[in-house]
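Below: one structure, written as structure tokens.
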Amino acid sequence: MRYLTYEPLSPEEWHREVMDEHSGASVEFLGVVRRLENGVPIEYLEYEAYVPMAEALLERLIQQAREQFGLSRVYFRHRLGAIRVGEIAVIIGVHAPHRAEAFAGCQFLLEALKRDIPIWKVSAR
Amino acid sequence: MRYLTYEPLSPEEWHREVMDEHSGASVEFLGVVRRLENGVPIEYLEYEAYVPMAEALLERLIQQAREQFGLSRVYFRHRLGAIRVGEIAVIIGVHAPHRAEAFAGCQFLLEALKRDIPIWKVSAR
Amino acid sequence: MTISLLVFAHLKPILGAESRPVSLPEGATVRQLLDCLLTEFPALSEWLPSVRVAVNCEYAAPDTVLHEGDEVALIPPVSGG
Amino acid sequence: MTISLLVFAHLKPILGAESRPVSLPEGATVRQLLDCLLTEFPALSEWLPSVRVAVNCEYAAPDTVLHEGDEVALIPPVSGG
């Protein structure tokens, strides 16, 4: 698995990525498990995925985002399994020449995740 | 100076900020000095500011962004003086309940910076 | 022919398993597979309007023709992130 | 009355200094200050259309009335970030 993992996520690996000299903008999104799920306090949220399809779709979407927004670097990780409140479920980081493409590229990947990538919140406890 | 500094910037201070339990989204923007300034290779870009006005305007804009987008945390730092290629000129980080407010709040502050905050690139060398 | 059917999330209890082989006439389409499943699992009808189908890891239209050994997945609305 | 004028970035060489006191008649407005400066520094005319004025650290309209001791800044287009 390249983009999905059952291990805890940390943005440190992404933060160590050196920026290309022609990139002036870096945008990072972190999605974190919140205390309230549908108004009910929880400790964990559990995610599952259709792994081979999610990986293949992500591979293609990331390539599309690189070309469409001129991104020099993309980092995408989604955690699966039980994730505790306050822990990171997803990291999306991009480098681009200018701010507009960086925001657009990061949001393009996030909206694609929310719409198309076969990952589900399957239970909260 | 609270938001402006002549020291090198690192996002580590922002990364150590703990997220509120009701925030599920973190968005961070880094603006970095690029090799080419108007097509010419440079080593440094020098910034100056009208410091008291910039600080006062930022204070007000950050307060406005907090209220308008429900941001639970905002981090804003802009470096002044000579900044080398590849080094960070500005960091804007926000935490919000959901992704839409987090992106909107971060972009609101960045666009306000680009339009209204009295900071200038004064020379490149 | 036989295809391999995968289901996820809240569809699992309805079909009673995560994965199962399904026998279909040669040349059957995605739509025909769904019709077969609805007959066998009437509780699926509530969910089907929001379910998308993937064939071999690609979203597929209802008139997509299936082939022996295809991996067909019922994809309920996703909720990652 | 006397106000304190501040200039930034590429306006500095035109006015020859970053900061200077300017004497004005009582009740003078931002617009009158700019007219005085244009008379003294004709080279300013090229820049003035894009310059905003701040009085005591707030952007101010041309008809803003100035007072003794005000800090008035000429703000050329900003380029932070």
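Throughout, protein chains are lettered first and strands after them, A, B, ... in sequence-line order, and every chain is numbered starting at 1. Worth knowing before you read on, the calculation uses all heavy atoms, side chains too, and leaves out hydrogens, waters and symmetry mates.
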Practice prompt. Heavy-atom distances under 4.5 Å only: say whether A:L57 touches chain C with side chain, backbone, both or neither.
Written response: side chain

Fill in: Part of A:A49 within contact of chain C (heavy atom distance under 4.5 Å)
backbone

Discussion item. Measuring only between side-chain heavy atoms, which start at C-beta, is A:P118 closer than 4.5 Å to C:F8?
Written reply: no

Worksheet item: Can you tell me if C:Y59 uses its side chain to pair, donor with acceptor, with the backbone of A:D116 under 3.5 Å?
Response: yes

Worksheet entry | Minimal non-hydrogen separation, C:A9 against A:V122, with atom names | CA-CG1, 3.8 Å

Fill in: Residues C:E71, A:Y50; criterion side chain to side chain contact (heavy atoms under 4.5 Å, CB included); working and verdict
CA-CA 12 Å; C:E71 182 172 284; A:Y50 179 17; 2.5 Å; yes

Item to complete: Give, as side chain, backbone, both or neither, the part of A:R60 having an atom under 4.5 angstrom from any heavy atom of chain C.
Response: side chain

Fill in: Nearest heavy atoms of C:R52 and A:R115, plus distance in Å
NH2-O, 2.6 Å

Discussion item. Taking atom CD as the centre, does A:E12 end up with more than 12 heavy-atom neighbours from other residues, nucleotides or ligands that are less than 6.0 angstrom away?
Written reply: no

Discussion item. Counting only non-hydrogen atoms closer than 4.5 Å, does C:P77 touch chain A with its backbone (N, CA, C, O), its side chain (CB onward), both, or neither?
Written reply: backbone

Item to complete: Using a cut-off of 6.0 Å, state whether more than 12 heavy atoms not belonging to A:R84 lie near its atom CZ.
Response: no

Worksheet, complete the sentence: Interatomic distance, CD@A:E48 vs NZ@C:K12, rounded to 0.5 Å, equals 3.5 Å

Fill in: A:L113 to C:V78 - nearest heavy-atom pair and separation
O-CG2, 3.8 Å

Worksheet item: Within the distance-only criterion (no hydrogens, no angle test), does the side chain of A:Y47 pair as donor or acceptor with the backbone N or O of C:S79 below 3.5 angstrom?
Response: no

